[in-house]
Protein chains: 2
Amino acid sequence: MDVTVLDRLLQISELFQRDLANAFAGTPLTTARVRVLWVLAHRGPSAQHDLADALETSPRNVTGLVDALEAAGYVRRAPHPTDRRAYLVELTAVASEQMERMRVDHAELSAALLAAVPESDRDALERGVAAIADRLETLVLADEAARAAVREASA
Amino acid sequence: MDVTVLDRLLQISELFQRDLANAFAGTPLTTARVRVLWVLAHRGPSAQHDLADALETSPRNVTGLVDALEAAGYVRRAPHPTDRRAYLVELTAVASEQMERMRVDHAELSAALLAAVPESDRDALERGVAAIADRLETLVLADEAARAAVREASA
DNA sequence: GCGAATAGTGCAGTACCTTCACGATATGGA
DNA sequence: TCCATATCGTGAAGGTACTGCACTATTCGC
């Protein structure tokens with residue numbers, strides 16, 4: 001029963017979640033809410049249905065997340081310039097700064113983790129992790145397509 | 001803005017979660033519940049507070065998860081042989097078989113992912129991923145210790 | 001114009017998790 | 001032996017993250 005690369009990756013996956021939860025403990029921010037802020041930082045002001053697409057969740061869920069973020073002062077709902085049904089959700093100054101800090105932390109963590117790997121292993125590591133990510137993505141997407149086909153057939 | 005190893009690892013982390021959710025869609029099983037079954041499969045029949053320790057969650061939460069698993073026929077609450085306050089939670093035959101299938105799937109996924117990596121990169125990959133996992137664990141634990149110290153000081 | 005699609009939300013419901021309080025039982029001394 | 005104390009599990013209450021359906025307001029295509 002040896003520890004495989006897969007097990008290590010799962011362990012890393014758990015540690016990431018824990019680290020993120022720790023980082024925002026004691027604030028109104030949570031994983032789901034930070035993801036909204038993160039997307040807004042990268043895409044700029046967005047309509048809620050665009051956020052739903054980017055986050056791969058339902059528009060209804062975005063409403064709730066934006067409600068919470070708005071109440072806590074992290075985002076604003078501005079009127080959409082051309083569509084009166086929609087809002088433009090945008091970061092407040094506080095949230096922009098927080099996201100910038102997060103970007104820096106992300107870069108620092110990236111560097112710190114890479115520094116733990118001997119120089120001579122880094123290229124192979126980079127290739128290997130990329131290959132695994134691609135393969136895993138392919139497998140998951142194929143699996144989801146197969147499930148969708150089954151649902152289609154039984155409908 | 002290049003894609004770092006860290007970004008790849010985060011992507012892998014998301015894909016794992018998605019894969020697990022897909023695998024149990026349409027059943028009463030969820031990530032949290034499967035984790036309970038997984039622990040039981042590895043530790044054998046356990047008292048609920050032991051499950052809470054193993055899952056790093058509260059005993060109260062375990063009560064709810066075991067309630068759901070018991071209602072769905074995946075576990076049984078047997079009397080504890082020496083402690084009348086406690087139960088021994090144990091897998092039913094159905095759940096044992098499911099966990100065995102899961103173990104096989106796990107091994108197959110492990111093999112499939114490793115097969116995506118060229119033979120010549122595997123050793124370096126293994127070392128690199130292990131080094132990153134260890135470093136990340138160290139960082140997270142140090143961070144948690146620092147937070148605990150702050151809480152202690154302000155109390 | 002007018003019917004159909006779209007943007008967002010109220011309402012209802014599920015799951016996961018927390019904290020606090022409590023009853024039942026176990027345990028380690030005096 | 002008896003009692004204080006700790007432990008095991010759960011009721012109650014509450015917060016967050018989701019889902020689906022129904023509905024309003026608006027936009028868009030013909």
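Each chain gets a letter, A, B and so on, in the order its sequence line appears, and its residues count up from 1. Quantities reported herein were computed from a predicted structural model and do not represent experimental measurements.
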Please tell me which of the listed nucleotides, D:dG9, D:dT19, C:dG8, lies nearest to the side chain of A:His49? C:dG8
A:Ser58 has its side chain closest, among C:dT9, D:dT19, C:dA5, to D:dT19
Which part of the nucleic acid, if any, lies within reach of A:Arg77 when heavy atoms closer than 4.0 Å are counted: base, sugar-phosphate only, or nothing? sugar-phosphate
Can you tell me the distance, in whole Å, between the CD atom of B:Gln17 and the P atom of C:dA15? 19 Å
Starting the side chain at C-beta, find the nucleotide from C:dT25, D:dG9, C:dT9 nearest to B:Arg85. C:dT25
Separation of atom CG in A:Asn61 from atom P in C:dA7, rounded to whole Å: 17 Å
Whole Å only: how far is the NE2 atom of B:His80 from the P atom of D:dG9? 8 Å
What is the distance, rounded to the nearest whole Å, between atom CZ of B:Phe24 and atom P of C:dT14? 22 Å
Rounded distance in Å - CZ (B:Arg60) to P (D:dG14): 15 Å
One should read off an interatomic distance between A:Leu15 CG and B:Leu141 CG, to the nearest 0.5 angstrom, of 7.5 Å
Mapping A:Arg33 and B:Asp83 to their closest nucleotides on DNA chain D, which lands nearer the 5' end? B:Asp83
Measure from the side chain of A:Arg84, starting at C-beta and using heavy atoms only, and say which of D:dT19, C:dT18, D:dT26 lies closest. D:dT26
Nearest 0.5 angstrom please: A:Glu56 CD to B:Glu14 CD, how far? 8.0 Å
Just the rounded figure in Å: distance from P of D:dG11 to CG of B:Asp67. 7 Å
A:Val62 or B:Thr57, whichever maps to the more 5' nucleotide of DNA chain C: A:Val62
Within the structure, does a side-chain N or O atom of A:Gln48 lie under 4.0 Å from either OP1 or OP2 of C:dT6? no
Are B:Leu29 and A:Leu10 linked, directly or through intermediate hydrophobic residues, by side-chain heavy-atom contacts shorter than 4.5 Å (ILVMFWY only)? no
Base, sugar-phosphate, or nothing: which does A:Ala68 touch, judged by heavy atoms less than 4.0 Å apart? nothing
What is the distance from CG of B:Leu29 to P of C:dT14, rounded to the nearest Å? 18 Å
Under 4.0 Å between a Lys/Arg side-chain N and an Asp/Glu carboxylate O for A:Arg147 and A:Glu144? no
Among D:dT10, D:dT16, D:dC8, the one nearest B:Ala86 by side-chain distance: D:dC8
With the 4.5 Å side-chain cut-off for hydrophobic clustering, are A:Val117 and A:Leu113 part of the same group? yes
Figure out the CD/P separation between A:Glu56 and D:dA17, and round it to whole Å. 18 Å
Side-chain contact check for B:Thr63: nearest option of C:dT9, D:dT10, D:dA17 is D:dT10
